[in-house]
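These notes are about the structure you will find just below.
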Amino acid sequence: PRFPTKTVQCTAPAKVNLCLRVIGRRDDGYHLLDSIFAAIDFADRVTVSTTRVHAAESRITVTCRYPGVPSDATNLAARAARALLDECGVGADIDVTLEKRIPPGAGLGGGSSNAASVLRAVNAALELEVPARRLAEIALGLGADVPFFLTGGCARVRGIGEHVEPVGGWPGYELVLALPGVAVSTAWAFGAYMAGFHADATEPARLAASADLDPALLRNDLEAVVLPAHSAIAGVKQGLLAAGAAAAVMSGSGAAVVAVGSPATPAREVADGFRARQGDVPVHVVRILGPDPPLIG
């Protein structure tokens with residue numbers, strides 16, 4: 001029998017790290033983090049078409065026109081599809097189309113979000129019924145940020161990304177997102193980080209429990225490595241503060257910088273002031289999302 005083709009569309013949101021503390025390192029070299037993630041309404045669109053096939057030999061394609069994003073089996077979205085098919089022992093033809101807004105190498109988790117969207121879409125379209133716990137394990141095997149994107153919203157993320165604790169967060173809260181035109185290697189940033197570990201860091205726990213987004217708790221330990229090496233990122237952070245931001249912090253390993261406004265200078269005014277100073281750097285006013293991004297059949 002011929003199997004029907006099912007097409008599912010997903011919005012794959014970016015994330016920002018409102019706080020990122022490096023609290024240790026495992027024996028295998030992976031750094032241990034304590035971080036607050038927030039999904040935002042700056043997003044890619046992912047379209048996944050699936051057709052179950054009898055043959056064990058599956059076919060997976062990725063189409064993406066964004067410069068520098070691979071369209072072969074190395075793309076994290078393709079690897080996500082392959083991992084799920086291998087997990088379930090089924091064959092399928094899967095076509096993934098990525099419409100990118102999230103720049104690679106920006107510390108916004110775009111590739112990880114794409115991969116999580118593919119996991120959710122393939123699981124639903126092929127009715128594989130892989131439970132959430134196992135889906136999160138497969139996600140972690142793909143990358144440290146992927147498990148978070150299965151649920152989205154706001155979360156405290158610890159370890160190497162395996163401990164995702166959803167928190168109430170700040171749905172609808174406006175942030176300023178600035179995108180310096182440089183890409184930062186996550187592997188390089190962590191490899192270069194020698195500033196010491198902060199096992200006693202309290203900011204993530206305090207943010208997780210807070211109904212208000214306290215600017216004083218925004219901090220990213222990786223800035224100690226990245227800002228001296230990338231003056232453009234340091235300049236963007238200073239520009240946001242000069243425009244009236246109550247706080248500005250690099251997201252992940254950079255290059256994106258996120259800022260919060262204040263009662264005197266709300267986010268939109270910070271963005272306008274920043275544009276007047278650094279008009280060559282893209283800047284967006286974005287909102288924090290609630291959990292559970294929808295799949296559109």
Side-chain angles (χ1 to χ4, degrees), residues 2-16 37-53 58-66 69 71 75-85 87-88 90-104 106 108-136 138-139 142-143 145-155 164 166 169-175 177 284-297:
R2 284 186 58 83
F3 292 101
T5 297
K6 293 184 179 179
T7 300
V8 176
Q9 282 194 329
C10 323
T11 298
K15 62 81 181 164
V16 293
F37 283 39
I40 56 174
D41 64 354
F42 184 77
D44 296 340
R45 179 171 292 280
V46 180
T47 304
V48 183
S49 294
T50 60
T51 309
R52 192 184 287 259
V53 295
S58 299
R59 178 183 59 79
I60 300 169
T61 68
V62 176
T63 303
C64 182
R65 296 177 178 172
Y66 198 102
V69 175
S71 291
N75 188 292
L76 204 57
R79 290 171 51 203
R82 173 66 62 189
L84 200 52
L85 295 182
E87 167 77 13
C88 298
V90 302
D93 291 339
I94 299 176
D95 298 305
V96 179
T97 302
L98 305 177
E99 298 171 61
K100 298 279 302 171
R101 286 184 77 200
I102 307 169
L108 298 174
S112 297
S113 187
N114 296 164
S117 292
V118 169
L119 287 178
R120 295 171 63 236
V122 173
N123 197 35
L126 295 181
E127 300 176 5
L128 301 177
E129 298 182 357
V130 176
R133 181 182 293 271
R134 179 59 189 147
L135 211 59
I138 296 170
L142 295 165
D145 290 347
V146 184
F148 163 76
F149 285 109
L150 292 174
T151 52
C154 295
V164 180
W170 313 271
Y173 191 99
E174 288 192 337
L175 303 169
L177 178 69
H284 305 270
V285 177
V286 299
R287 290 179 183 270
I288 295 177
L289 296 172
D292 299 321
L295 289 172
I296 306 166

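Just so you know, these numbers use all the heavy atoms, side chains as well, and skip hydrogens, waters and symmetry mates.
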Validation row: Lys15, Ser113 side chains within 4.5 angstrom (heavy atoms): no
statement: Between the OG atom in Ser71 and the CG atom in Leu98, the distance rounded to the nearest 0.5 Å is 7.5 Å
field: For the student: nearest non-hydrogen atoms of Leu128 and Val90, plus distance
entry: CD2-CG2, 4.0 Å
- prompt: With side chains defined as the heavy atoms from C-beta onward, is the minimum distance between Leu126 and Leu85 less than 4.5 Å?
  reply: yes
statement: Closest non-hydrogen contact found for Leu177 with Leu108 is CD1-CD2, 4.0 Å
- line: d(Arg101 CZ, His284 NE2) to nearest 0.5 Å is 6.0 Å
field: Any side-chain heavy-atom pair of Leu76 and Val146 under 4.5 Å
entry: yes
message: Between Arg59 and Asp95, does the side-chain contact (heavy atoms from CB on, under 4.5 Å) criterion hold? Intermediate values first, please.
response: CA-CA 8 Å; Arg59 178 183 59 79; Asp95 298 305; 2.9 Å; yes
task: Would you please say whether a donor-acceptor pair under 3.5 Å links the side chains of Thr5 and Thr51?
output: yes
statement: Taken to the nearest 0.5 Å, the spacing of Thr151 OG1 from Phe37 CZ works out to 11.0 Å
query: Taking all atoms of both residues into account, what is the closest heavy-atom pair of Phe148 and Cys154, and its distance?
result: CE1-C, 4.4 Å
query: Do you know the tightest heavy-atom contact between Pro147 and Val164?
result: CB-CG2, 4.2 Å
field: Separation of Glu99 CD from Thr63 OG1 (nearest 0.5 Å)
entry: 10.5 Å
query: At what distance, to the nearest 0.5 angstrom, does CZ of Arg287 lie from CG of Leu175?
result: 10.5 Å
statement: On a heavy-atom basis, the closest approach of Phe149 and Pro13 is CE2-O, 3.1 Å
message: In the structure I gave you, are the side-chain heavy atoms of Val16 and Val286 within less than 4.5 Å of one another anywhere?
response: no
- prompt: Would a distance-only check, ignoring hydrogens and angles, find a side-chain to backbone donor-acceptor pair under 3.5 Å from Asp44 to Ala12?
  reply: no
- request: Look only at the side chain of Asn114 and the backbone of Ala77, and say whether a donor-acceptor pair between them is shorter than 3.5 Å.
  value: no
task: State the CZ-OG distance between Arg52 and Ser58, to the nearest 0.5 angstrom.
output: 10.0 Å
message: Just to verify, which of Ile94, Ile60, Val122 counts as forming a side-chain contact (heavy atoms from CB on, under 4.5 Å) with Arg82?
response: Ile60
task: Heavy atoms only: give me the nearest Ile102-Ala14 pair and the separation to one decimal.
output: CD1-N, 3.5 Å
- request: Sort out for me which residue in Asp93, Thr97, Thr7 forms a side chain to side chain donor-acceptor pair (under 3.5 Å) with Ser49.
  value: Thr7
